[in-house]
Amino acid sequence: MTKTKNLLKHFRTSMHISWKASPWMFLSRILFELVSISIPILSSYIFKEIIDNLSYARDMDLFIRNIALFAILQFASMIYGRVSGHIAGVHSELVSRYIRLEIIEKINELDLSYFDIPDFYNEIQNASRDSKSLLSLTWTIVSIVKGIVQSIVCGIILAQMLWVFPFVILAMDIPGVMIARVLNRKKYDWQLRRTDQERRIGYYESVMQGRAFAKDVRIWDSKPFFMKKYLALWKDWFCEKNKIERERIGLTLISSTFPFLVNIMMLVYIGIEVIGGRLTIGDFTYYRSISSQYRSGLEMFLSTINDSYDSEMRLSHYADFLSWKSRVPDEGILEVNRINTVEFRNVSFSYPNTNREVLHNLSFRIDENEKLAVVGYNGAGKTTLIKLLLRLYDPVSGDILINGRNIKEYTLKSLRNNFSTVFQDYNRYELPVDETVALADTKNPIDKGRVIRACLNANLDVTKPEDYPKTTDTYLGKLFDKEGVILSGGQWQKVAIAQAYYKRGNFMIMDEPNASLDPKSEHIMFEKLKELSQDRSGLIVTHRLSSVFMADRILVINSGHKEAIGTHTELMQQCEIYRNLFNMQAEHYRKESRI
Ligand code: ADP
């Protein structure tokens, strides 16, 4: 009962999507499908007339008229088939695009924590595959109507010859339908099981083929290692697929034996009737053709009902995927145009699906136009703090206040608009310079002048044709353009900084912006950052303590706790961890300079 209810719900969704993807294509497709029932029945009838005329009357005029009619019908059916095939193809593409966009929208609506769950990736893959069922479900209705009409018309014609035939044929088709239903279920279960396997296979392939791993694969000669894993998984996948396929062939062979026997029996019966003079030779071809159309109508109808239950299983999954909710709800209504102050009040946080608290009861404040540096050992929770400020996650307890109001009161969009951010793990896009830099502000058209200025501020001169052959149009990478340039780690870091400058947010967040920079570039970067952020607040996470001098105060975090906050001089006096961190680095530089 619930299954049928769900099915009806999915039918509605399917119709809605098919309609929204293209109303015209949808309507014409239905019309074409329905009209196409009449063509083969009419053709069979005319063909019967031709055979009878040739066998008995042998009337030339009648023959020419019938053959002309037959030719017109065949030709019409040829054109019809191609046009309707084309419409169906275009419409299917539009519907799949609609669904793909829906999946992308959903993924982007969810918070980052989902990306830490392997099942999330399995579900994306399942949803992309299963969403195709939405497409077939719409046509299921058309096929059911078409199948019913076709089998009723042909059934009546057959019953006129011998009333029991349509019923016997129907009865013989039923085992096949039931077997198909069991096979569909098995196939679906297997598809769900294999998703994880297929994702792994895809991953190993990408390691062996992609640029990102090409260096490691060559230097460590790791291809045999990945190949072994790849082949082992592939073998399992292939064996199971083969097992299911063999089972399917065996069972369908058994189930199709019954209709086959009925078909032969019917031919024998009609043949006897023709020999006995009760039917004509034309009748022989006519009933034979009508019986096969009757069977195809029944099959269309019965197997489509089967398929629709299969679609229902898949679409329940897809509907579950679409119903996932972000754990960072965008429920605020306030707009924020400038971030003056930031305050963390007793903030504690654990990553979703983990038990370990990464931040404990953290409180601090950034005043108007203040620059705060955050320092601490690896894994102390510095980047996590930034993620909370950007609302990529929400605290488990405590509050974050922006300009004195809870961060959740603002719309996510307006909140994030204010930040210019450089992450440690910035991305390397295979795009031209201008598109890469302007990604930070996609609301406005690309401003090349602004791109060049942002790059110069980041100490990167993209106007030099000897370094960037097509200046701002030069691709950063060689995946799509052989004139693309390969940047060093430090240059990429400068691109990431240029993105932050291009955005012109009023609050700077920099997570290790100097990690890959040489000392000279680092010095220039901090000088520029000081100059450009005079009238802005900001937060900078850094390992290199040389850079803390550009900050007004420094927050020291240790294992998620606030260890101390103050100026460099205060911390050198009061905070042992800070003193150790600073002295260790100073000692390191002194050693380096002695070498
Ligand atoms: P830092 O920036 O100070 O080096 P992070 O804030 O990146 O440290 O990480 C703090 C802790 O949180 C680390 O122990 C890290 O392993 C853990 N962590 C970071 N990201 C995740 C995540 N997505 N899921 C679970 N734990 C995470």
Side-chain angles (χ1 to χ4, degrees), residues 107-124 199 203 324-328 342 344 346-364 366 371-398 400 407 416 419-427 489 493 496-497 500 507-517 522 538-548 551 553-565 571 575-582 584-585:
I107 293 172
N108 280 281
E109 185 191 304
L110 296 172
D111 64 278
L112 277 192
S113 63
Y114 281 93
F115 291 89
D116 295 328
I117 314 171
D119 264 355
F120 174 63
Y121 300 94
N122 289 345
E123 289 304 321
I124 294 176
R199 277 203 311 115
Y203 176 71
W324 283 6
K325 291 270 175 293
S326 175
R327 296 177 185 125
V328 180
V342 169
F344 274 52
N346 306 322
V347 169
S348 296
F349 178 73
S350 314
Y351 280 96
N353 314 310
T354 66
N355 300 322
R356 199 163 63 90
E357 214 173 62
V358 174
L359 295 178
H360 318 279
N361 216 19
L362 191 65
S363 298
F364 67 90
I366 304 176
K371 262 67 76 188
L372 182 77
V374 183
V375 301
Y377 298 121
N378 284 338
K382 304 178 296 293
T383 304
T384 306
L385 184 153
I386 293 178
K387 290 183 193 161
L388 295 185
L389 185 54
L390 289 164
R391 277 203 83 199
L392 295 173
Y393 299 89
D394 276 339
V396 173
S397 64
I400 300 173
I407 200 169
R416 290 178 184 161
F419 293 112
S420 269
T421 316
V422 181
F423 268 114
Q424 241 181 83
D425 51 351
Y426 47 81
N427 285 306
Q493 183 128 44
I497 296 170
F507 191 106
M508 285 292 216
I509 297 182
M510 301 225 163
D511 189 0
E512 298 284 350
N514 48 342
S516 319
L517 298 184
E522 187 185 358
L539 194 153
I540 175 165
V541 167
T542 177
H543 275 115
R544 295 210 207 162
L545 297 194
S546 53
S547 54
V548 296
R553 284 191 304 157
I554 302 145
L555 167 69
V556 185
I557 300 193
N558 187 25
S559 305
H561 292 281
K562 178 170 85 177
E563 189 70 24
I565 187 163
L571 293 178
C575 178
E576 198 187 334
I577 292 190
Y578 184 78
R579 215 169 27 244
N580 284 346
L581 278 167
F582 192 85
M584 264 189 294
Q585 288 196 11

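Quick caveat, the model's predicted, so the values are computed rather than measured. As the structure lists them, so they are numbered: ligands from 1, and atoms in each ligand from 1.
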For [atom], find the nearest protein heavy atom and state the residue, atom name and distance (0.1 Å precision).
atom                    : answer
atom 26 (N) of ligand 1 : Tyr351 CD1, 3.3 Å
atom 4 (O) of ligand 1  : Gly379 N, 2.8 Å
atom 7 (O) of ligand 1  : Thr383 CB, 3.6 Å

Within-4.5 Å side-chain heavy-atom neighbours: [X] and [Y]:
X      : Y      : value
Val375 : Thr542 : yes
Tyr393 : Pro352 : yes
Ile557 : Val374 : yes

Counting each atom of ligand 1 from 1 as listed, which ones have a heavy atom of [X] under 4.0 Å away?
X      : result
Asn378 : 4 (O)
Asp116 : 22 (C), 23 (N), 24 (N)
Thr384 : 5 (P), 6 (O), 9 (O), 10 (C)
Val358 : 10 (C), 11 (C), 12 (O)

Aromatic plane relationship, Phe419 with Phe507 - under 30° parallel, 30 to 60° tilted, over 60° perpendicular: perpendicular

Mutual orientation of the aromatic rings belonging to Tyr114 and Phe120 [parallel < 30°, tilted 30-60°, perpendicular > 60°]: tilted

Polar atom proximity, Arg356 to ligand 1 (N or O, under 3.5 Å): yes

N or O contact, Gln424 vs ligand 1, cut-off under 3.5 Å: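 N/O-N/O distance below 3.5 Å does not exist for this pair.
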
Residues forming a side-chain hydrogen bond (donor to acceptor under 3.5 Å, both in side chains) with Thr384, sequence neighbours excluded: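 Scan of Thr384 (side-chain hydrogen bond (donor to acceptor under 3.5 Å, both in side chains), adjacent residues dropped) gives Tyr351.
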
Arg327 versus Ser113, closest heavy-atom pair with distance: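 That closest heavy-atom pairing would be NH1-OG, 2.5 Å.
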
Close approach, Gly381 and ligand 1, non-hydrogen under 4.0 angstrom: yes

